Every structure is written in structure tokens, then in C-alpha cells.
Amino acid sequence: MNNWQILWQARDQFWSGFLSTMTIFGVSISAAFVIGCVMLYLLEGSRSRTTILLRIFIDGMRMLPFLILAYLLYYGLPSLGIRLNAWWSGVGALAAYHGCYFAEIFRGTRLTFPPGQVEAAKAHGFTKGKMFLRLILPQIIMQTRPLLGNQLIYALKDTAFLVIITVQELTAAANSLSGTYFIPTEAFIVVIGCYWAVSIVMEVIIKQCGRFSTKRGFDNA
Amino acid sequence: MPETGLEFSKEPTEVAVSIRNLSKSFNDVEVLRDVNLEVKKGDVVTILGSSGSGKSTLLRCINWLEQPERGSIHIAGERIGVTDEGRAMSVKALARVRAKTGMVFQSFNLWPHLNVLHNVTEAPIHVLGKSRHEAEAHARELLDKVGMSHKADAYPNTLSGGQKQRVAIARALAMQPEVMLFDEPTSALDPELVGEVLAVIKSLSAEGYTMVIVTHEMSFARSVSDQVVFLEKGLIIEQADPETFFTNASTERVRKFLERNK
């Protein structure tokens with residue numbers, strides 16, 4: 001039996017690792033997106049203490065290696081009496097970390113948002129919350145689409161770090177198979193293929209969404 | 001505050017906008033000085049003056065996009081920006097009073113992610129709480145009125161400046177405002193597109209809409225106005241019916257201005 005046949009027989013292990021990775025990715029990136037939007041909303045308006053603290057928090061997170069944050073949540077929080085299992089530590093770390101990146105991407109684009117549109121919204125009786133949700137946020141998302149796509153790929157790759165805090169995901173599956181049968185090259189080639197495949201699918205989807213914004217004059221794809 | 005009965009909060013209903021003793025400064029520069037102006041329901045008032053005279057600021061105070069330091073503004077009898085107790089209005093209350101005005105901007109400010117129809121229905125649905133069905137029917141009527149119904153599904157980036165401005169007018173009308181405010185509606189347009197926008201505004205005046213218009217188009221001001229106001233350094237120095245204003249102005253400054261803007 002050659003190495004590839006061994007891997008084929010262990011396909012269930014890969015498959016469950018893959019599903020686990022996709023679940024972690026899906027849950028954490030959705031949470032990160034919401035966190036990014038909420039942070040953008042909190043950064044609206046004048047410079048208050050909240051906005052300054054939030055900016056410091058966002059920058060602090062962005063300047064932190066992701067693995068350290070995952071370690072901190074998994075190994076550090078129990079000393080504060082908060083015990084999260086590996087899965088939730090991983091998802092929490094991904095959500096918070098990439099949430100801050102999302103917020104920063106949104107914020108950069110928000111700075112160039114035409115103030116006239118905000119005035120028009122005010123003049124038509126919009127309050128802050130509705131204006132944000134209906135007029136500002138949709139445009140910011142359309143405008144930041146390519147950057148968001150990029151960030152999704154980063155987040156996907158970061159899920160691989162979670163093997164170190166014992167989350168049973170795709171990289172963990174490959175790691176365990178390569179250890180058991182001593183076939184690291186083949187095992188990791190399969191994993192690379194999986195990450196590439198998911199990334200390519202995301203790229204295509206994000207590109208397709210571009211039609212939506214091109215029609216509205218947001219970019220020239 | 002003592003009870004003073006009805007006259008305390010109620011203005012005569014035929015007054016659409018009443019501005020009293022309005023003053024406003026930016027830093028130390030006084031841009032409006034003790035301005036008083038009354039706009040009757042159905043009237044068209046144009047505000048003229050050179051750049052920096054405060055005319056746009058005056059217009060923007062009416063819907064509280066600028067907050068004056070002193071004085072009061074009532075829209076259809078309701079004070080904007082300040083509560084009966086003299087405190088700043090809550091965001092919600094302010095939004096409600098603002099919705100009684102419709103504003104058309106120099107730079108159109110359409111929302112580019114929404115198509116023409118949805119630009120017009122956005123505020124009626126999400127501010128006034130109208131049903132989508134009702135809002136769309138009304139919006140199509142208004143787009144028809146401004147000659148833009150054939151572009152209902154187009155996005156703003158595909159329209160010319162004049163078309164954008166006509167959509168912006170429909171969008172403001174959709175709020176069924178007590179008064180329409182126009183802030184130099186043709187200043188950002190190519191000369192050959194000015195006419196179509198002015199024609200729409202003229203047709204609105206014929207329909208009896210109350211309008212306050214800041215403009216540099218003299219002949220338009222002359223033909224459309226019931227009242228012309230001239231601002232100079234934040235003061236109203238001339239206020240008259242258009243005939244008197246354009247042929248027999250009482251101040252030297254206005255005569256010079258009209259001479260230069262012929």
C-alpha cells in the first residue's frame with residue numbers, strides 16, 4: 001500500500017478535520033464581521049473617551065501575534081477563573097482578532113465617506129442608527145470588498161494555529177496522520193490543497209459580489 | 001415657564017417658516033446677525049447675496065444642519081432644535097421636525113448604493129414608516145413629476161448632474177415636507193443642464209409648494225419668487241417682492257450686485 005492509499009483510507013479523519021475547520025472559520029468570521037461593524041458604529045461621531053479606548057484596543061490587537069492571543073485565551077484566562085475549552089478559546093481568539101482587523105478596514109474607508117451623504121440623511125430625518133445601518137454600512141462593505149476577501153483568507157489560515165491549543169481541525173488531522181504513518185509530505189500536501197480550494201472558492205465568490213458594487217459605481221472591476 | 005395658553009406654542013398656520021433674531025458664528029466670525037424672516041405657506045422666497053454672505057448658512061439653520069447661537073426657527077409652528085423647556089432637542093425629536101423640511105443640495109448627495117426609485121422611497125419607508133407599496137407608488141408619481149420615471153431602476157452613477165438633481169428633488173418631495181429648501185441647486189451643473197432643473201423647480205412653485213431657494217440665477221429668482229431677500233455679511237439688507245427688488249432696490253449695494261450679475 002503506498003502512502004496515498006494510506007491517506008485515502010484515513011479520509012474520514014481528514015473530512016472531519018476539514019468540517020471542523022470550516023465550522024470554526026464560519027462561526028469566527030461571522031462573529032468577527034459583526035464585531036467589526038459594531039466597532040465601526042461605536043467609532044462614529046465625535047472623539048469621546050470610548051472612541052479613544054476603542055482605537056487603542058483595536059491597534060493593540062492588530063499588533064499582537066495571533067498565536068499569543070490564542071494562548072492567552074486558552075492558558076491565561078483560567079487564572080482569572082474563566083475556563084474556555086479549546087474550541088471556544090480558538091473561536092473567541094479568531095473572532096476578536098479579525099474583528100479588530102475588520103474594524104480597521106471599515107474605519108479607513110469610513111474616513112473617506114462623503115459627508116454630504118450624511119447631511120442628506122440627516123435632512124431626511126434619519127437618526128444615527130438607521131443612517132448607519134441603511135446608508136453608511138452597506139456602502140462601506142461594498143467599497144471594502146477586496147480587502148475583506150483578503151482578510152477572509154488570513155482568517156482561514158489562522159485557524160491552522162489552533163492545532164497548538166489542541167483544537168481538532170484540519171491541520172491537526174494532518175499532523176496526527178503524518179505522525180502515525182510517518183507520511184508528512186503527502187499529508188500536508190492534502191491539507192494545502194484543502195486550504196487552497198477553500199481560498200479559491202472564496203476569491204471567486206468575493207469577485208462575483210463585485211458585480212453588485214461595480215453596477216453602483218463603487219469599483220471598476 | 002408660566003402658562004401662556006395657546007399662543008405660546010402655536011404660530012398662525014399659514015406661516016411655513018418663521019425665523020426670529022437668528023445669529024450664528026463660526027469661531028469668531030459672525031455669519032448671521034439678527035436675521036428675521038417669515039415664509040408664508042405656498043410662497044417662494046429666494047435668498048441672494050455674494051459668496052460668504054451667509055445665505056447657505058441661513059438655509060442650513062432652517063433644518064438645523066447648522067446650529068445657531070441665538071434666535072429661534074419654527075417650521076409649521078413647531079420650533080426646531082430646542083424644546084419648550086429651552087433644552088437641546090433629543091436626536092429623535094430633531095429628526096422628526098427635520099422631516100418636515102426637504103432639502104436639495106448643491107452636490108445632489110444621492111445615495112449611490114440605491115437605485116433611483118429606492119433613493120426616493122428610503123426615507124418615507126425608514127423614517128416616516130410608510131409601507132413599501134405606498135412609498136413606491138408615491139415615488140413613481142414624483143419621479144414622473146420631475147421627468148425621471150424612465151430611470152427608476154438606474155443607479156445614480158449612470159445619471160447626468162441634471163438628472164441626479166431632479167431625483168434629489170423627488171427624494172425631498174417624498175417626505176411631503178412643509179417647506180422645500182434648495183441650496184444652490186444648479187451651481188454644480190454644466191450650463192446646458194441648468195435649465196431642466198430650474199424648470200422642475202418652477203413647476204413646483206406653480207403647484208403651490210413652499211420653497212426657500214439660495215441661488216445665483218437672477219432671472220430665475222425674478223420669475224419664480226414671491227419674495228427676494230438679499231444677505232450681506234450676515235445681515236438682511238434688502239427684502240422685497242421681485243419686481244421692486246430687481247428694478248427699484250433701495251440699497252446701493254444691491255443695485256451694484258444686480259449690475260454685476262446681469
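In this text, all values refer to a predicted model and were calculated from it rather than measured experimentally. In the text below, chain A, chain B and the rest are named by the order of the sequence lines, each starting its count at 1.
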Nearest heavy-atom approach of B/P112 to A/R216 is O-CB, 3.6 Å
Can you tell me if A/K130 uses its side chain to pair, donor with acceptor, with the backbone of B/V127 under 3.5 Å? no
Could you pull out the closest heavy-atom pair between B/W111 and A/Q117, with the gap in Å? NE1-O, 3.3 Å
Atom CZ of A/F212 with >12 non-hydrogen neighbours under 6.0 angstrom: no
Proximal component of B/L110, with respect to chain A [non-hydrogen, under 4.5 Å]: backbone
Does B/H133, at its NE2 atom, have more than 12 non-hydrogen atoms belonging to other residues, nucleotides or ligands within less than 6.0 Å? no
Under 4.5 Å from any heavy atom of chain A, what part of B/M175 do you find: side chain, backbone, both or neither? side chain
Sort A/K122 into side chain, backbone, both or neither according to what part of it lies under 4.5 angstrom from a heavy atom of chain B. both
Could you walk me through whether A/L135 and B/E122 satisfy the side chain to side chain contact (heavy atoms under 4.5 Å, CB included) test, starting with their C-alpha distance in whole Å, then the side-chain angles of each, then the deciding distance to 0.1 Å, before giving a yes or no? CA-CA 9 Å; A/L135 305 174; B/E122 184 69 11; 4.0 Å; yes
State, to 0.1 Å, how close A/T127 and B/A95 come at their nearest heavy-atom pair, and which atoms those are. CG2-CB, 3.8 Å
Residue selection (most heavy-atom pairs with chain B, distance under 4.5 Å) from A/S213, A/P115, A/A123, A/P138: A/A123
Interface residue of largest heavy-atom contact number with chain A, from B/K100, B/M103, B/R171, B/Q106, under 4.5 Å: B/R171
Given a strict heavy-atom distance threshold of 4.5 Å, which part of B/A168 is in contact with chain A: side chain, backbone, both, or neither? neither
Restricting to non-hydrogen atoms, name the atom on A/A120 and the atom on B/F105 that form the minimum distance, rounded to 0.1 Å. CA-CE1, 3.5 Å
Using a 3.5 Å distance criterion without hydrogens, assess whether the side chain of B/N109 forms a donor-acceptor pair with backbone atoms of A/G116. yes
I'd like to know which of B/N63, B/L65, B/T158 tops the heavy-atom pair count under 4.5 Å against chain A. B/L65
Please report the closest heavy-atom contact between A/M142 and B/H113, naming both atoms and the distance. CE-CB, 3.6 Å
Determine whether more than 12 heavy atoms belonging to other residues, nucleotides or ligands lie under 6.0 Å from atom NZ of A/K128. yes
OG1 on B/T101 to NE2 on A/H124, rounded to 0.5 Å: 8.5 Å
With a sphere of 6.0 Å drawn around OH of A/Y75, does it hold more than 12 non-hydrogen atoms of other residues, nucleotides or ligands? yes
